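Following: one structure in structure tokens, then a few remarks.
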Protein chains: 2
Amino acid sequence: MSTNKGKLSLKTAEIEKISHLDYFNIAVSVDCVIFGYEQNEFKVLLIESDLEEFKGKLSLLGDLVRPDEDLDSASYRILKERTGLDDVYLQQVHTFGAIQRHPSGRVITTAYYSLVNINHHQLKISDNQVHWHNVADIRAMAFDHKQILDTCHEMLRSHIMEHPVIFNLLPEKFSLRLLQDLYEAILGVQLDRRNFRKKISLKDWVQDLDEMETDVPHRPGKLYKAKAKMSNGTITGVI
Amino acid sequence: MSTNKGKLSLKTAEIEKISHLDYFNIAVSVDCVIFGYEQNEFKVLLIESDLEEFKGKLSLLGDLVRPDEDLDSASYRILKERTGLDDVYLQQVHTFGAIQRHPSGRVITTAYYSLVNINHHQLKISDNQVHWHNVADIRAMAFDHKQILDTCHEMLRSHIMEHPVIFNLLPEKFSLRLLQDLYEAILGVQLDRRNFRKKISLKDWVQDLDEMETDVPHRPGKLYKAKAKMSNGTITGVI
DNA sequence: GATTTAATGTGTTATTAGTACATATTTGTA
DNA sequence: TACAAATATGTACTAATAACACATTAAATC
């Protein structure tokens, strides 16, 4: 988690004060790996860490879980706070619980990835250091967040082959070229266009809109919309 | 988690005492779904809940995570305590964090499944109500443990198709018939013997031992051993 | 308006994986 | 020696995957 809110950050004094309570001195946080896609780049929403130990390092968006909220609700709250979006696809991935993973105290964190359409929200990011970063360019991060990011990226790779989750990253109308570019960006491989189209049409995930791209400096492609789309753990649109 | 050790169970008084500490009143537990296979039945190791609310109900083996142990270590500890086994296959599956999931207070739990060879250990179970139960027969359980069991079972189903984890449930030497029976028990389907053998031989997971079953009241089958075997997250035996 | 540029759109073949299905063989037992 | 109960094995059909090339469209440029 990133401790960007002063009142929630773990101070060593606080930890000492309560350390005699044997089983209530582990804090629980969630970290959201918020993926987006813009201008042909697969991106992730990150903040600069405000901890002295990780000065200048990038960190995931996270927060401590409140005693009166479900674990899943905590990740929705963070997403809502950071992106203004309500209805996003969120997927729990893994819980990281090494003793020394947080320098200020014992904090275990549950990682979620989420997929948002960058254009669908006016990011509530002007007030601090939250920015979209190209996933491929990210090297070191604060805490164990690089490992968390990699784990979520890997999980996403396997999900997009099986379930129609990728459409959460795209605008309502998209060309197959855009869809393929996105698959390639997430998977990190080049795909054959004909085989790709055949595979997509077999899966029956998209619907031809009988519309064309406009404002492209070449032959425009057909536009499609998602037919089946997975949001919040359930598939919609499939009979 | 199951609170079978008095000193670790959550008493309401304790919870109230510390509830003013905003972010240190969530307890963290792990629950182990310990699968085994014996006499043609796919089994899970369970204990009778000692909570009044769940009198007579079955519960997973779990415990609170200690402040000075890694999350993964906690699950190894439980496994060691309950089965006496050190070197078992353990896989984190999911973290369950609904507010009201534990009647005595706020406890989030991370579920692991593990695969053990029932014959490899003298169960340290004589001292309490721990027993192997046929997975197919289990109905209601304490807490949200039925849901946890189902989630782990489902995860195992997908893992055994992809990775050589199933051998952790079997004795050193086994017949293909036994292997197939186990696949069928876990997947809950019947498999065609010829296709099953073809698939297994394609995967190159087993090695012919040039030995035969003995003491069977019919034609004996060949014995095999695991060539590749997945333990503790890594494959061994594959080049 | 003819040419160039840069992309879209499409089909076939070869290979591999998956599915359905039947008969001969081996051992122990009656 | 016949029977019961299991093992061991191969082929044809279908579906999915992978490799691969050319005609078409619209905009931009000359």
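This is a predicted model, so every value here is computed, not measured.
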Centroid-centroid distance, A:F174 to A:F167, less than 6.0 Å: yes

Centroid-to-centroid, A:H159 to A:Y113, below 6.0 Å?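 For A:H159 and A:Y113, the ring centres are under 6.0 Å apart.
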
Each nucleotide N or O in nucleotides 4-8 of chain D that has a protein N or O under 3.5 Å away: list the pair and distance.
from  : atom 1 : to     : atom 2 : distance (Å)
D:dT7 : OP2    : B:R193 : NH1    : 3.2
D:dT7 : O2     : B:R219 : NH1    : 2.6
D:dA8 : OP1    : B:K222 : N      : 2.8
D:dA8 : OP2    : B:R197 : NH1    : 3.0
D:dA8 : OP2    : B:R197 : NH2    : 3.1
D:dA8 : N6     : B:R193 : NH2    : 3.0

I'd like to know whether NZ of A:K146 has more than 12 heavy-atom contacts from other residues, nucleotides or ligands below 6.0 angstrom.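 Enclosed.
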
Does B:E172 CD have over 12 foreign heavy atoms under 6.0 Å away? no

Separation of atom [atom1] in [X] from atom [atom2] in [N], rounded to whole Å:
| X | N | atom1 | atom2 | value |
| --- | --- | --- | --- | --- |
| B:Q190 | C:dC21 | CD | P | 15 Å |
| A:Q180 | C:dA7 | CD | C1' | 13 Å |
| B:K203 | C:dT16 | NZ | C1' | 14 Å |

Any Lys/Arg nitrogen of B:R77 or B:E69 sitting under 4.0 Å from an Asp/Glu carboxylate oxygen of the other? yes

Under-4.0 Å salt bridge between A:E211 and A:K173: yes

Can you name the closest pair of heavy atoms from A:A74 and A:V65 and give their distance?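 Closest pair (atom of A:A74, atom of A:V65, distance): CB-CG2, 4.0 Å.
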
Per-nt protein contacts along nucleotides 12-20 of chain D (heavy atom under 4.0 Å; B base, S backbone sugar-phosphate only, - none) come out as ------BBB

Test item: A:D70 side-chain N/O and A:D72 main-chain N/O as donor-acceptor pair under 3.5 Å: no

